[in-house]
Amino acid sequence: MDPAKSRSLTEKKPINCNGFLQEDKKDSSTALSRVDRGRSEVSTPPLESWREERTRSEEDNELNLPSLAAAYSTILRALGEDPARQGLLKTPWRAATAMQFFTKGYQETISDVLNDAIFDEDHDEMVIVKDIDMFSMCEHHLVPFIGKVHIGYLPNKQVLGLSKLARIVEIYSRRLQVQERLTKQIAIAITEALQPAGVGVVVEATYV
């Protein structure tokens with residue numbers, strides 16, 4: 001087989017999140033970011049998904065906390081632990097509260113942070129923000145993955161406050177995710193909000 005074709009096939013190999021070796025995780029993240037960067041640059045019709053209503057509220061958190069904590073108690077018992085012992089008495093509530101915090105992106109929408117931060121500007125040079133910290137939860141195993149996000153876009157008479165790019169990353173990453181969808185959602189949100197000449201998004205991440 002031609003070496004160039006072999007290398008191309010390797011780079012586009014889909015991620016297998018059942019592998020937990022550090023080397024596999026790192027390689028998969030790099031390949032995944034290359035594939036999704038290509039997808040992000042493809043022009044797609046605006047879906048207005050960045051204006052979607054939030055699926056969870058603060059009131060929902062308060063209402064659902066007892067049942068979520070009870071579920072963690074069930075998990076502890078299924079693991080062979082005693083939720084009533086001293087060291088675990090408050091663990092279900094702490095774990096439930098932590099999970100709500102880790103997935104707080106469900107409580108927020110992009111329009112919450114972008115509506116007052118889009119400015120008319122006759123600027124036609126690339127805007128790039130690199131090394132945005134990212135924390136998310138794998139929807140297949142409910143284990144964390146962390147990394148960096150790099151965003152670049154070519155303005156079309158409008159620009160976005162630079163800090164808002166990090167907020168877009170946070171809103172979508174603080175949900176149960178897969179890296180492919182996370183990368184695409186960030187790119188689509190920027191595209192629909194600004195209608196730029198082009199958008200590129202790269203996500204580099206590993207399981208914790």
Quick one: do [X] and [Y] end up in the same hydrophobic cluster if we chain Ile, Leu, Val, Met, Phe, Trp and Tyr together by side-chain heavy atoms under 4.5 Å apart?
{"X": "Ile118", "Y": "Met126", "result": "no"}
{"X": "Ile190", "Y": "Leu162", "result": "yes"}
{"X": "Trp93", "Y": "Leu79", "result": "no"}

State, to 0.1 Å, how close [X] and [Y] come at their nearest heavy-atom pair, and which atoms those are.
{"X": "Val127", "Y": "Pro155", "result": "CG2-CG, 3.8 Å"}
{"X": "Tyr172", "Y": "Ala189", "result": "CE1-CB, 3.8 Å"}
{"X": "Leu76", "Y": "Pro92", "result": "CD1-CG, 4.0 Å"}
{"X": "Ala193", "Y": "Gln158", "result": "O-OE1, 4.1 Å"}
{"X": "Leu68", "Y": "Gln100", "result": "CD2-CG, 3.9 Å"}
{"X": "Ala117", "Y": "Val113", "result": "CB-O, 3.9 Å"}

Nearest 0.5 Å, please: how far is [atom2] in [Y] from [atom1] in [X]?
{"X": "Asn156", "Y": "Gln195", "atom1": "CG", "atom2": "CD", "value": "8.0 Å"}
{"X": "Ile186", "Y": "Met134", "atom1": "CD1", "atom2": "CE", "value": "7.5 Å"}
{"X": "Asp112", "Y": "Arg167", "atom1": "CG", "atom2": "CZ", "value": "8.5 Å"}
{"X": "Ser73", "Y": "Leu88", "atom1": "OG", "atom2": "CG", "value": "9.0 Å"}
{"X": "Met99", "Y": "Leu176", "atom1": "CE", "atom2": "CG", "value": "7.0 Å"}
{"X": "Ile168", "Y": "Ile188", "atom1": "CD1", "atom2": "CD1", "value": "12.5 Å"}

Any heavy-atom pair between the side chains of [Y] and [X] that's under 4.5 Å?
{"X": "Val203", "Y": "Val169", "value": "no"}
{"X": "His140", "Y": "Val178", "value": "yes"}
{"X": "Leu182", "Y": "Ser173", "value": "yes"}

Results of salt bridge (charged side-chain N to carboxylate O under 4.0 Å, His left out) for Arg174 - residues two or more places apart only: none
Taking salt bridge (Lys or Arg N to Asp or Glu O under 4.0 Å) as the cut-off, I'd like each qualifying pair that reaches into residues 73-84, sequence neighbours left out, listed once.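 The answer is Glu81-Arg85.
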Who pairs with Phe102 by ring pair (Phe, Tyr, Trp, His ring centres under 6.0 Å), at least two apart in sequence or on another chain? Phe135
Test ring pair (Phe, Tyr, Trp, His ring centres under 6.0 Å) applied to Phe119 - qualifying residues, sequence neighbours left out: none
List the atom pairs, with distances to 0.1 Å, where a side-chain N or O of residues 142-154 and a protein N or O form a donor-acceptor pair under 3.5 Å, not counting sequence neighbours.
unit_1, atom_1, unit_2, atom_2, d
Lys148, NZ, Asp133, OD1, 2.4
His150, ND1, Asp131, N, 3.0
His150, NE2, Glu204, OE1, 2.7
Tyr153, OH, Leu160, N, 3.0

For residues 59-67, tabulate all N or O donor-acceptor pairs below 3.5 Å that involve a side-chain atom, not counting sequence neighbours.
unit_1, atom_1, unit_2, atom_2, d
Glu59, OE1, Ser57, OG, 3.2
Asp60, OD2, Ser57, N, 3.0
Asp60, OD2, Ser57, OG, 3.2
Asn61, OD1, Arg56, NE, 2.8
Asn61, ND2, Gln107, OE1, 2.6
Asn64, ND2, Asp60, O, 3.1
Ser67, OG, Asn64, O, 2.9

Quick check against the 3.5 Å criterion: does Ser136 have a side-chain atom that pairs as donor or acceptor with the backbone of Arg175? yes
Please indicate whether Asp116 has more than 12 foreign heavy atoms, meaning atoms of other residues, nucleotides or ligands, lying under 6.0 Å from its CG.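 Yes, the 6.0 Å shell around CG holds more than 12 heavy atoms from other groups.
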With a 4.0 Å cut-off on N to O distance, would you call Lys104 and Glu170 a salt bridge?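 Salt bridge present between Lys104 and Glu170.
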